[in-house]
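What follows is a single structure, written as structure tokens, with notes after it.
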Amino acid sequence: ELNGQYKRLYAQAYGALAAAEELRGAVDSGYWTGDRLLSAQKRICAILHRHGSVSKSGKKEQKHCFASAISCKGLIRLSEEVNKLCKLKYILENDYHGADILLQYAADKAGEMGLDIICCHSPLRPERIEGLILPATGLGLFSSDWDEKDCRHIRLDEMIPLSVQREQRS
């Protein structure tokens, strides 16, 4: 009896978290179009080219995993494992959901460069990448949902006009 009640409450809580995440993404994902998106993509390309080299073999390996999870004890992150793989980490500020788009773009570009990649998916929305690790280069790109110390930050929110930011806050 108690086990059945726990499973129902857990499913209800997980459903509410997933719905909140979905709503959050739907609110402001339309900000990343045209010149703003192109500018952000150029910045990501520059980082990839600076820290990764194009593979001559053309063979690449793409792995998918979860580096975080939500449990009854709260959010769990595999920070130690990520730190072992990433000597340099960039956090893409995600207030306006640019990181969601740019991490997918970075995964595609790294694949075109022939680099091995590990895509870390969101536990709430597995179709969304919350982190990208390039093990051969020691580079990691993460959304601000994965904020750790000793990371470089890319302020994507500064690309959004102030008028839009003020409107969003009100």
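Numbers for residues simply follow the sequence, beginning at 1.
We find the CG-CG distance between Leu92 and Leu141 to be 6.0 Å, quoted to the nearest 0.5 Å. The CD1 atom of Ile129 sits 7.0 Å away from atom CD1 of Ile117, with the distance rounded to the nearest 0.5 Å. From Gln62, atom CD reaches atom CG of Asp108 across 8.0 Å, with rounding to the nearest 0.5 Å.
In this structure the side chain of Met113 reaches within 4.5 angstrom of the side chain of His49, judged on heavy atoms. Side-chain atoms of Tyr90 and Arg43, non-hydrogen and from C-beta on, never get closer than 4.5 Å to each other. Two residues are said to be in side-chain contact when any heavy atoms from C-beta on lie closer than 4.5 Å; Ile154 and Leu102 fail this criterion. Residues Leu48 and Leu134 are in side-chain contact: their nearest non-hydrogen atoms beyond the backbone lie under 4.5 Å apart. In this structure, the side chains of Cys119 and Leu132 come closer than 4.5 Å at one or more pairs of heavy atoms. Leu88 is listed as a side-chain neighbour of His51, based on a closest heavy-atom distance under 4.5 Å. For the pair Leu78/Phe66, no side-chain contact is recorded, criterion being any heavy-atom separation below 4.5 Å from C-beta on.
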Does the pair Asn83 and Lys89 meet the rule for a side-chain contact (heavy atoms from CB on, under 4.5 Å), with working shown? CA-CA 9 Å; Asn83 289 335; Lys89 293 178 281 194; 2.2 Å; yes
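For the residue pair Ile133 and Pro135, the shortest heavy atom distance occurs at O-CD, 3.3 Å. Of all heavy-atom pairs between Ser68 and Arg77, the closest is CB-CG, 4.1 Å. Heavy atoms only, all atoms of each residue included: Ile118 and Leu85 are closest at CD1-CD1, 4.1 Å. Across Arg128 and Ser143, no two heavy atoms sit closer than the pair NH2-OG, 4.1 Å. Heavy atoms only, all atoms of each residue included: Ala67 and Cys120 are closest at CB-SG, 3.9 Å.
Applying the salt bridge (Lys or Arg N to Asp or Glu O under 4.0 Å) test to Lys63 and every residue at least two apart in sequence or in another chain returns Glu61. Every residue meeting the salt bridge (Lys or Arg N to Asp or Glu O under 4.0 Å) condition with Arg155, not counting sequence neighbours, appears here in chain and number order: Asp157.
Neither side chain, Gln104 nor Asp100, offers a donor N or O lying under 3.5 Å from an acceptor on the other.
The stretch residues 116-143 participates, sequence neighbours left out, in these ring pair (Phe, Tyr, Trp, His ring centres under 6.0 Å) pairs: His64-His121, Phe142-Trp146.
One finds a salt bridge joining Lys109 and Glu112 here, because a Lys/Arg side-chain nitrogen approaches an Asp/Glu carboxylate oxygen to under 4.0 Å.
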